[in-house]
Enquirer: 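Encoded as structure tokens, here's the structure I'll be asking about.
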Amino acid sequence: QVYLVESGGGLVQAGGSMRLSCIASRSSFSFNDMGWYRQPPGKQRELVATVTSAGRPNYADSVKGRFTISRDTAKNTVFLQMNSLEPEDTAVYYCNGNIGFAHYWGQGTQVTVSS
């Protein structure tokens, strides 16, 4: 059973930086699009950023200019560099990848930004 595994979360002070990583549990899988979503406390899951297999990124307005998504398609990994973090960025961050109509999710990693 394929799934995605996130890492890099934790506690950081406002204004700090953090880098999240995600890798597929099976290297034989190659995703079309990959992305990051997050779920703040008491809210629904929301899109943070996506990146196509060609490397074209898309960002939510709330993170533009602060976050950068990138991927290594050959290694089946995706990254999220988060700078100038704010308390509002506190959430469980989930990695996502799709193969055709099928979507795969990680278990999530907690990012907590203290004020």
Enquirer: What distance do I99 atom CD1 and N32 atom CG have between them, rounded to the nearest 0.5 Å?
Expert: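 CG of N32 is found 7.0 Å from CD1 of I99.
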
Enquirer: May I ask you to decide if G8's main-chain N or O and R19's side chain share a donor-acceptor pair within less than 3.5 Å?
Expert: no

Enquirer: What closest approach, in Å, do T109 and E6 show between heavy atoms, and which atom pair accounts for it?
Expert: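 Where T109 meets E6 most closely, the heavy atoms are CG2-CB, 3.9 Å.
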
Enquirer: Which distance, rounded to the nearest 0.5 Å, do you find between the OG of S115 and the CD of E86?
Expert: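 Here the rounded value is 11.5 Å.
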
Enquirer: Quick one: list whatever passes ring-ring contact (aromatic ring centres under 6.0 Å, His included) with Y37, sequence neighbours left out.
Expert: W105

Enquirer: Report yes or no: do F79 and I69 belong to one cluster of Ile/Leu/Val/Met/Phe/Trp/Tyr joined by side chain heavy-atom distances under 4.5 Å?
Expert: no

Enquirer: Report the distance from atom CE of M34 to atom CG of L80, rounding to the nearest 0.5 Å.
Expert: 12.0 Å

Enquirer: Listed by chain and number, what are the side chain to side chain contact (heavy atoms under 4.5 Å, CB included) partners of S7, not counting sequence neighbours?
Expert: S21

Enquirer: Return each pair, listed once, that meets disulfide (SG to SG under 2.5 Å) where at least one residue sits in residues 41-78; pairs must be two or more places apart or across chains.
Expert: none

Enquirer: Parallel, tilted or perpendicular for Y104 and F31, by the 30°/60° rule?
Expert: perpendicular

Enquirer: Could you tell me the separation between the CE atom of M82 and the CG atom of L20, rounded to the nearest 0.5 Å?
Expert: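 So the gap between those two atoms works out to 3.5 Å.
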
Enquirer: If we only count heavy atoms from C-beta on, is the Y59 to D61 side-chain gap below 4.5 Å?
Expert: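 Side chain of Y59 against side chain of D61, heavy atoms only: no contact under 4.5 Å found.
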
Enquirer: Scan side-chain atoms only and decide if N83 and S17 contain a donor-acceptor pair under the 3.5 Å cut-off.
Expert: yes

Enquirer: Among residues two or more places apart or on two chains, list those pairs meeting disulfide (SG to SG under 2.5 Å) that have a residue in residues 45-80.
Expert: none

Enquirer: On the six-membered ring of Y94, is R38 placed so that its NZ or CZ lies under 6.0 angstrom from the centre and within 45° of the ring axis?
Expert: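 Relative to the ring axis of Y94, which defines the angle, R38 lies outside at least one limit.
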
Enquirer: Working to the nearest 0.5 Å, report the span between CG of L4 and NE2 of H103.
Expert: 12.0 Å

Enquirer: Could you please spell out the steps behind the side-chain contact (heavy atoms from CB on, under 4.5 Å) verdict for S62 and E88?
Expert: CA-CA 10 Å; S62 60; E88 292 75 18; over 6 Å; no

Enquirer: In chain order, what residues pass the side chain to side chain contact (heavy atoms under 4.5 Å, CB included) check against V12, with sequence neighbours excluded?
Expert: M18, L85, V113

Enquirer: Is it true that F67 and L11 fall in one hydrophobic cluster, defined by side-chain heavy atoms closer than 4.5 Å?
Expert: no

Enquirer: Tell me which pairs pass disulfide (SG to SG under 2.5 Å) where either residue lies in residues 38-115, with sequence neighbours left out.
Expert: C22-C95

Enquirer: Write down the atom of R66, the atom of D89, and the distance for their closest heavy-atom approach.
Expert: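 Closest approach of R66 to D89: NH1-OD2, 2.8 Å.
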
Enquirer: Assess whether atom CD of Q107 is packed by more than 12 heavy atoms of other residues, nucleotides or ligands within 6.0 Å.
Expert: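 Result for CD/Q107: open.
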
Enquirer: Check whether any side-chain heavy atom of L47 lies under 4.5 Å from a side-chain heavy atom of T50, and answer yes or no.
Expert: yes

